[in-house]
Chemist: 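Here's a structure for you.
First listed ligand is number 1; within each ligand, the first listed atom is number 1.
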Amino acid sequence: MTTTLVLASGNAGKLRELGALLTPLGMTVRSQADFAVDEVEETGLTFVENALLKAREASRVSGLPALADDSGLAVDALQGRPGIYSARFAGQPRSDARNNARLLEALSDVPAGQRTARYWCVLVLLRHAEDPVPLIVQACWEGAILTASRGEGGFGYDPLFWVPERGVSAAELPAEDKNRLSHRGRALNELLAGLEARPLS
Ligand SMILES: O=P(O)(O)OP(=O)(O)OP(=O)(O)OC[C@H]1O[C@@H](n2cnc3c(O)ncnc32)[C@H](O)[C@@H]1O
Ligand SMILES: [Mg+2]
């Protein structure tokens, strides 16, 4: 039986990565844009709360199980910022280029050894909008912030995110490699383990 999910995200990069991970498993993934789901206000103080808000709205509007991803970059020298505010770091208008410039500026005095950071990803799967037992998983990806952009792949902060185990930026990794190593890829593996224990259908 095919499982159909709505991906509760308006971020093209996340939709691409989650689609590439889920489609080969036989899942049918639809974007929330197909159902005209409005962007919800991310009022939570945690990735978990924000992911729940997004998944609940997408499931309510679409009538389908919904998977939301709330993620962000936590930089040690910035006491974990931008964290849950990663998408909004440079204010309006929202753009990856402006966020990256703001990050470089915030770290301009921070020497190489102190630029450690990690991406966090929380995934929330709601079976229906009032599901009282959401499947919630989280994972991180350790790295460091470069002093200039490198690479054209990925999205968001990837050109500035150094991947020590590969000696490249996240934007220089082939998409399959990023999906295998990343916070999102790892969280998704946890989600699949949870789904094995309690299948959707
Ligand atoms: O809320 P949705 O609609 O899913 O899309 P968004 O872009 O607003 O997503 P978030 O609220 O979760 O904010 C996460 C931000 O963290 C950054 N981010 C998360 N995962 C990333 C990744 O794999 N590579 C680069 N940047 C990432 C990127 O700037 C995102 O915009
Ligand atoms: Mg968002």
Side-chain angles (χ1 to χ4, degrees), residues 5-21 29-59 61 66-75 78 80-104 106 117-125 138-146 149-163 168-188:
L5 278 182
V6 58
L7 294 182
S9 176
N11 181 309
K14 287 186 191 178
L15 292 171
R16 193 170 59 239
E17 292 182 8
L18 290 169
L21 287 159
V29 289
R30 310 273 307 268
S31 159
Q32 68 174 18
D34 295 352
F35 302 93
V37 176
D38 283 333
E39 197 181 330
V40 295
E41 217 187 320
E42 296 180 25
T43 53
L45 292 179
T46 61
F47 294 117
V48 171
E49 289 166 287
N50 286 337
L52 270 170
L53 290 170
K54 292 188 272 191
R56 193 175 292 127
E57 179 65 3
S59 185
V61 174
L67 177 64
D69 167 320
D70 201 58
S71 44
L73 181 68
V75 180
L78 302 177
R81 279 181 296 131
I84 61 166
Y85 304 107
S86 293
R88 308 167 248 175
F89 192 36
Q92 296 293 341
R94 248 206 244 174
S95 95
D96 289 345
R98 280 165 38 78
N99 285 338
N100 284 349
R102 167 114 199 251
L103 181 61
L104 282 180
R118 66 206 49 76
Y119 277 128
W120 282 104
C121 176
V122 169
L123 296 176
V124 166
L125 180 70
Q138 51 194 286
C140 70
W141 190 19
E142 297 286 341
I145 305 304
L146 291 160
S149 291
R150 284 179 55 161
E152 303 293 327
F155 68 96
Y157 296 96
D158 284 344
L160 292 178
F161 189 80
W162 178 247
V163 182
V168 294
S169 81
E172 291 175 308
L173 281 176
E176 317 79 69
D177 293 16
K178 184 186 171 195
N179 276 341
R180 204 165 33 242
L181 296 171
S182 77
H183 51 317
R184 186 163 296 106
R186 289 180 210 188
L188 198 78

Chemist: For atom 31 (O) of ligand 1, what is the nearest protein heavy atom, given as residue, atom name and distance?
Modeler: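 Checked against all protein heavy atoms, atom 31 (O) of ligand 1 sits closest to A87 CB, 3.5 Å.
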Chemist: Do S71 and D69 meet the criterion of a side-chain donor-acceptor pair at a distance under 3.5 Å?
Modeler: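 Judged by distance alone, the side chains do pair up.
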Chemist: Considering only heavy atoms of D69, which atoms of ligand 1 have at least one such atom less than 4.0 Å away?
Modeler: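 Near D69, the atoms of ligand 1 are 4 (O), 12 (O).
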Chemist: Is it true that D158 lies under 4.0 Å from ligand 1, counting heavy atoms only?
Modeler: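 Yes, D158 has heavy atoms under 4.0 Å from ligand 1.
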Chemist: Please state whether H183 comes within less than 4.0 angstrom of ligand 1, counting heavy atoms only.
Modeler: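 Yes, H183 has heavy atoms under 4.0 Å from ligand 1.
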Chemist: Heavy-atom contacts with S9 under 4.0 Å: which atoms of ligand 1 show up? List them by number with element.
Modeler: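 Per the distance check, 2 (P), 3 (O), 4 (O), 5 (O).
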Chemist: Near G156, which atoms of ligand 1 are under 4.0 Å from a heavy atom of that residue?
Modeler: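 The list of qualifying atoms is 25 (C), 26 (N).
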Chemist: Within less than 4.0 angstrom of ligand 1, does R94 place any heavy atom?
Modeler: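 R94 counts as a contact of ligand 1 under the 4.0 Å cut-off.
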Chemist: Please compare W120, W141, Y157, F155 and report which has the shortest non-hydrogen distance to atom 22 (C) of ligand 1.
Modeler: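 Among W120, W141, Y157, F155, the closest heavy atom to atom 22 (C) of ligand 1 comes from F155.
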Chemist: Show the atoms of ligand 1 that are less than 4.0 angstrom away from any heavy atom in D70.
Modeler: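 The atoms of ligand 1 under 4.0 Å from a heavy atom of D70 are 10 (P), 11 (O), 12 (O).
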Chemist: Show me which atoms of ligand 1 lie under 4.0 Å from any heavy atom of K54.
Modeler: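 Near K54, the atoms of ligand 1 are 1 (O), 2 (P), 4 (O), 10 (P), 11 (O), 12 (O).
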Chemist: Got the closest protein heavy atom to atom 11 (O) of ligand 1, with its distance?
Modeler: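 Here the nearest protein heavy atom works out to E42 OE1, 3.0 Å.
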Chemist: Could you check atom 23 (O) of ligand 1 against the protein and tell me its nearest heavy-atom contact, residue, atom and distance included?
Modeler: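 Its nearest protein heavy-atom neighbour is K178 NZ, 2.7 Å.
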Chemist: Under the criterion side chain to side chain contact (heavy atoms under 4.5 Å, CB included), which of V6, L15, L7 is the partner of S31?
Modeler: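 The side chain to side chain contact (heavy atoms under 4.5 Å, CB included) with S31 is passed solely by L15 among V6, L15, L7.
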Chemist: Does the residue N99 have a heavy-atom contact with ligand 1, meaning some pair of atoms that are separated by less than 4.0 Å?
Modeler: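 Under 4.0 Å: no for N99.
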Chemist: Quick test: of every protein heavy atom, which one is nearest to atom 19 (C) of ligand 1, and how far off is it to 0.1 Å?
Modeler: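 Among all protein heavy atoms, the one nearest atom 19 (C) of ligand 1 is S71 OG, 3.1 Å.
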Chemist: Using heavy atoms and a threshold below 4.0 Å, how should the contact between F161 and ligand 1 be classified: side chain, backbone, both, or neither?
Modeler: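 For F161, no heavy atom sits under 4.0 Å from ligand 1.
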Chemist: Please state whether the rings of H183 and W141 are parallel, tilted or perpendicular, taking 30° and 60° as the class boundaries.
Modeler: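 Rings of H183 and W141: parallel, as their planes differ by under 30°.
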Chemist: Among the N/O/S atoms of E42, select the one at the shortest distance from the Mg ion (ligand 2) and name it.
Modeler: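 So the atom name we want here is OE2.
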Chemist: Under a heavy-atom criterion of less than 4.0 Å, does G72 contact ligand 1?
Modeler: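 Under 4.0 Å: yes for G72.
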